[in-house]
Protein chains: 2
Amino acid sequence: MSAPAVRRTRAKRGSGDLLREEIVAAAKRLLAEADRADDVSMRAVADAVGVTTPSIYLHFADKQELLGAVVADVFRELDVAMLAAAADESTPMARLRSYGLAYIRFALDHREHYRLAMLDPCPKPNVEVDEVLHSAAFSHMQATVEECVAAGIFQGDPLAITFEMWAAAHGVAGLVIAKPYLPFGDVEEFADRCLCVAALGHVVRPLLGADPAPEAIVGWLARQRA
Amino acid sequence: MSAPAVRRTRAKRGSGDLLREEIVAAAKRLLAEADRADDVSMRAVADAVGVTTPSIYLHFADKQELLGAVVADVFRELDVAMLAAAADESTPMARLRSYGLAYIRFALDHREHYRLAMLDPCPKPNVEVDEVLHSAAFSHMQATVEECVAAGIFQGDPLAITFEMWAAAHGVAGLVIAKPYLPFGDVEEFADRCLCVAALGHVVRPLLGADPAPEAIVGWLARQRA
DNA sequence: GCCGCTAACTTAACGCCGCTAACTTGACCG
DNA sequence: CGGTCAAGTTAGCGGCGTTAAGTTAGCGGC
C-alpha cells in the first residue's frame with residue numbers, strides 16, 4: 001500500500017494543471033472512502049496519484065486549499081441535483097420543498113464533504129466552496145423564495161427568509177449527520193416535516209403581524225378554532 | 001512557554017483522580033482560548049498542568065475522551081442557562097422560545113465546545129456529551145413540547161416535534177458558527193425569527209391535515225384571506 | 001524501621017503528519 | 001546542441017498522538 005501505486009509520467013511543459021486535476025480527483029476519491037477528513041493525508045493523496053508529496057504544494061498552498069477544491073468540485077453537482085429534483089414542480093412552494101429535500105439528501109449522501117463545507121472551523125472562509133454553495137443551493141432557494149414573495153405567499157425580505165429556510169435545511173442535515181443514531185425515524189420524512197413546518201411558519205407569520213409574541217400565537221390559534 | 005510552567009507535586013496514594021480534574025480544567029481553559037480544537041495538543045495540556053504528556057493517558061484513553069470530558073463539563077452549564085432564561089416565563093410557548101434562544105446563545109458563546117459536541121465526526125458516539133445534552137437541553141425542550149401538546153397548541157408525537165424544534169435551533173447555531181460573515185443581521189433577531197417560524201409551523205400544521213402538500217398550504221392561505 | 005507492593009508518574013521513542021529548502025531532470029526554444 | 005526553467009524529486013524539520021518500559025514515592029505489614 002505504501003509503494004507508489006503507479007509512477008505517473010511527467011507532464012508536458014505547458015501543462016502542469018494536468019496534475020492538479022489528478023490530485024483533486026484522487027483526494028475526492030480518498031475522501032469519499034474515508035469517513036474522517038484527517039484520515040486523508042497529503043502523503044496518501046500523493047501516493048494515489050503516483051507522485052511525491054511536495055509536488056502537491058506546487059498546485060495547492062496547503063491542505064485546506066486542496067480540500068477546498070475537492071469540496072467545491074463535489075458541490076458543483078449539487079446544482080444539478082437540485083434542479084433535477086425540482087424540474088417537474090410547477091409551483092414555487094413545491095419547488096421550494098423539492099430544493100430543500102434535495103439539499104438535505106445531497107448533504108447526507110456526501111457527509112464528509114458537507115462537513116468540510118458547512119461544519120468545519122473557518123480560519124479563513126473557504127472562498128471557492130462558498131462561491132459554489134452560493135451559486136448553486138443558495139441562488140435557487142433565493143429565486144424561489146422571491147417567487148413566493150411575489151405570489152403573496154410569503155411576506156418580508158426575501159434574503160432574510162432564504163437564510164431562515166437555509167437554517168432549517170442545514171439544521172436537519174447537520175443534526176442527522178452529527179447524531180445519526182438518534183431515533184428520527186425515516187430521515188426523508190423527518191426532513192420533509194421540518195421543511196414543511198418552516199414553510200408553513202413563513203406563510204402564517206404575516207397573518208399575525210410582524211413579530212408575534214408567544215401569547216399572540218396562542219391567541220390566534222384560539223380564534224382560528226372558533 | 002515550552003518549559004513546564006510549574007511542576008505539580010505528585011498526588012497522594014489514594015487519589016489520582018485529582019489529576020484528572022486538573023487535566024480537564026486545563027484543557028477547558030486552553031480550548032476556550034484557542035479557536036480550533038486541534039490547536040489544543042495533549043502536550044500543551046500536560047504542560048499547562050505541569051505534568052508529562054503520557055500521564056494524561058493514565059486518566060483518559062485518548063484525546064477524544066479527554067475532549068469529550070471537557071465538552072460535557074462545559075455543557076453542564078447549559079442546563080442552568082436554559083432554566084435561568086425561562087424562569088420568568090409562565091406559558092409553555094414562551095418557555096419554548098426562551099429555551100431555544102438560550103440554547104442558541106450558549107452555542108454561540110461556546111463555539112468550539114459546541115462544534116465538538118454537535119458538529120464533529122462521530123467515530124464512536126460521545127456518550128458523556130450526549131448524556132449531558134439529553135439531560136439538559138433536550139429534556140427541557142421535550143417537557144415543554146409535551147406541555148404544548150397537552151394544552152392543544154401542538155398536535156402529534158412530542159418526541160418527533162422536539163427533534164424538529166431541535167433541528168431548527170441547531171440549524172441557526174450551526175449556520176452562524178460556520179458562516180459568521182454572512183449578512184444575517186442581528187443574530188439574536190435572526191434566531192428569534194427562525195424559532196418563531198418553526199413554532200408557528202407546528203401550531204398551524206394540524207389545521208391543514210396530517211401531511212400538507214405545498215398546494216394545500218397555498219389553498220389554505222387563500223381561504224384564510226377570504 | 002525497613003520491605004515489598006503498587007499507584008503515580010517519567011523518559012525515550014515510534015510512526016505519522018503538514019510542510020519547506022534545495023537539488024535534479026527533462027521538454028522545449030533558439 | 002546547449003541553455004532555460006517548469007515539473008518534479010530527495011531529504012529533513014518540528015510537531016503530533018500514542019505506547020513501552022523504567023522510576024519514584026507513599027503505605028500496609030512484619
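Here is how names work: the chains are called A, B, and so on, in the same order as the sequence lines, proteins then strands, and each is numbered from 1. The shown structure was predicted, so the numbers you read here are calculated from the model rather than taken from an experiment.
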Once you round it to whole Å, what is the distance between P of C:dC17 and NZ of A:Lys63? 8 Å
Whole angstroms only, please: what is the CZ-P distance between A:Arg20 and D:dG8? 14 Å
Atom-to-atom span, CD1 of A:Ile56 to P of D:dT9 - whole angstrom: 10 Å
If I take atom CE in residue A:Met42 and atom P in nucleotide D:dG12, what distance separates them, rounded to the nearest angstrom? 21 Å
Under 3.5 Å on both distances, the Watson-Crick or G-U partner of C:dC14: D:dG17
Considering heavy-atom distances to DNA chain C, does A:Pro54 or A:Ala44 have its closest nucleotide positioned more toward the 5' end? A:Ala44
Round to a whole Å and report the spacing from CG of A:Asp39 to C1' of C:dG15. 15 Å
Should the pair A:Arg97-A:Glu89 be classified as a salt bridge under the 4.0 Å nitrogen-to-oxygen rule? no
So B:Asp38, base contact, sugar-phosphate only, or nothing? Heavy-atom distance under 4.0 Å. nothing
Does atom CG of B:Asp88 have more than 12 heavy-atom neighbours, drawn from other residues, nucleotides or ligands, at distances under 6.0 Å? no
Does B:Tyr103 form a side chain to side chain contact (heavy atoms under 4.5 Å, CB included) with B:Leu195? I'd like the steps, not just the answer. CA-CA 11 Å; B:Tyr103 176 90; B:Leu195 291 175; over 6 Å; no
Could you give the CD-to-C1' distance, from A:Glu65 to C:dC19, as a whole number of Å? 14 Å
More 5' along DNA chain D: B:Val40 or A:Thr53, using each one's nearest nucleotide? A:Thr53
Side chain of B:Thr52 (C-beta onward), nearest among C:dT20, D:dG17, C:dT11: C:dT11
Who pairs with D:dT10 - Watson-Crick or G-U, where each distance is under 3.5 Å: C:dA21
Please walk me through it: do B:Phe106 and B:Phe75 pass ring pair (Phe, Tyr, Trp, His ring centres under 6.0 Å)? CA-CA 9 Å; B:Phe106 191 89; B:Phe75 269 74; 5.5 Å; yes
In whole angstroms, the gap separating C1' of C:dT11 from CG of B:Asp47 amounts to 16 Å
State the pairing partner of C:dC2; accept Watson-Crick or G-U wobble contacts with both distances under 3.5 Å, and report none otherwise. D:dG29
Residues B:Arg76 and B:Glu128 bridged, charged N to O under 4.0 Å: yes
Students often get this wrong, so: under 4.0 angstrom with heavy atoms, is B:Ser41 touching a base, only sugar-phosphate, or nothing? sugar-phosphate
Taking donor-acceptor contacts at under 3.5 Å, does the side chain of B:Arg43 reach the base of D:dG15? no
Expressed in angstrom and rounded to an integer, what is the separation of B:Leu58 atom CG from C:dT10 atom C1'? 10 Å
